[in-house]
2 protein chains.
Amino acid sequence: MSQGNTAVTDQVSAIDPEKLEACTLLEVLNRISGKWAIGILLEASQGPVRFTELERSVAGISRRMLTLTLRNLERDGLLERTVYPTVPPRVEYEATPMARELYGTLSGLVDWAQRHREAIAVAREVYDAQ
Amino acid sequence: MSQGNTAVTDQVSAIDPEKLEACTLLEVLNRISGKWAIGILLEASQGPVRFTELERSVAGISRRMLTLTLRNLERDGLLERTVYPTVPPRVEYEATPMARELYGTLSGLVDWAQRHREAIAVAREVYDAQ
DNA sequence: CTGAATCCAAGTAGATACTG
DNA sequence: CAGTATCTACTTGGATTCAG
């Protein structure tokens, strides 16, 4: 990994791999954080869903945020959008294989959260007590 | 899943487990997303670091955001803050075991990001072309 | 049905200056 | 050294209205 002395060509490999990792990680996080992305991805992972179905099943989401979040996920290739040219219009969204794969890797985080949920709550109470 | 008629006691168990999962996940994500938390956690995972060290090593961070992010991480029990009553003052931050554990579970996400970085870039270009 | 457009409120982040 | 205070700008999200 570090053969770095060809002078010109290693501008990229000169980046601290840990910094790169943190940066890459941040990109993923930005993609799936936000209040709605995960909920939408969850629904769209079980099969094609329509706009109005999502509006109902993702509790509390507004039409605007649903549209915006769908567009972002579609743009990143995490959601596939299919329009059926019927009247009235019918549009379906479905998670791509890439998105399903991502969803799978998130289980570790869910575990962590469940194991430490209590400890975090306690830490907050202690901190807020000051 | 729908045995629901013990009337009073199953308020909690009535929550769809998948919704709960999505919710828990969102909490974790909110804790570590944000522009700076990961970088700080990274530094503080290799041993105690001082405020000014962080200010230098987390590229681009302002004093204000460093303070705010440190406080949040400390509040959630992810960072331990130690004050040495010397002159000048000396304060050290270190990742807690819980935080190190979290950092470990993030490797799956890093893998995913690296495997699909290219595909995402392409998806964006295609999308933006319209 | 599936959005786009507009307006507004709240939260988040940068710049700068000041302090025990 | 390790912060706090203030002021401003950008971003995110909600409410509402309009349209193909």
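These numbers were taken from a predicted model, which means no experiment stands behind them. In what follows, every heavy atom counts, from backbone to side chain, and hydrogens, waters and symmetry copies are set aside. Throughout, a chain's letter reflects where its sequence line sits, starting with A, and its residues are numbered from 1.
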Among C:dT2, D:dG13, C:dA4, the one nearest any side-chain atom of A:V91 is C:dT2
If you check the A:T67 side chain, which of C:dA4, D:dT4, D:dA2 turns out closest?
C:dA4
Starting at CE of A:M65 and ending at C1' of C:dG3, how long is that distance when rounded to a whole Å?
15 Å
When you measure from the side chain of A:W36, which nucleotide among D:dG14, C:dG3, D:dG3 comes out closest?
D:dG14
Any idea which of C:dG20, C:dC1, C:dG3 is nearest the A:P88 side chain?
C:dC1
Can you measure B:Y84 atom OH to D:dA2 atom P for me and round it to whole angstrom units?
12 Å
Residues B:E94 and B:R100 bridged, charged N to O under 4.0 Å
yes
Nearest to the side chain of B:R63 - D:dG20, D:dG13, D:dA2?
D:dA2
Should B:N72 and B:T69 count as side-chain neighbours, where that means a heavy-atom distance under 4.5 Å?
no
For D:dC1, take OP1 and OP2 only and decide whether either is under 4.0 Å from a side-chain N or O of B:Y93.
no
Position toward the 5' end of DNA chain D (nearest nucleotide), A:I61 or A:P89
A:I61
Would you say B:T52 reaches D:dA2's phosphate, i.e. side-chain N/O to OP1/OP2 under 4.0 Å?
yes
Is there side-chain contact between A:R64 and A:L68, with at least one heavy-atom pair below 4.5 Å?
yes
B:E53 CD to D:dC1 C1': how many Å, rounded?
12 Å
Can you check the B:E55 CD to D:dC1 P distance for me, whole Å?
9 Å
Quickly work out the A:N72 CG to C:dG3 C1' distance and round it to whole Å.
15 Å
To the nearest angstrom, the CG-P distance between A:L66 and C:dA5 comes to 16 Å
Ranking B:G60 and A:L68 by the position along DNA chain C of their nearest nucleotide, the one closer to 5' is A:L68
How many angstroms lie between atom CZ of A:R75 and atom CG of A:L70, to the nearest 0.5 angstrom?
15.0 Å
Between D:dG14, C:dT2, C:dG3, which nucleotide gets closest to the side-chain atoms of A:R50?
C:dT2
Distance in angstrom units between B:L79 CG and D:dA2 P, rounded:
14 Å
Answer with yes or no whether A:R64 presents, from its side chain, a donor or acceptor under 3.5 Å of a partner atom in the base of C:dA5.
no
Rounded off to whole Å, could you give me the CG-to-C1' distance for the A:N30 and C:dA13 pair?
14 Å
Would you mind checking if A:E101 and B:R115 are paired as a salt bridge, meaning a charged N to carboxylate O distance below 4.0 Å?
yes
Contact under 4.0 Å: B:R56 side-chain N or O vs D:dC1 OP1/OP2:
no
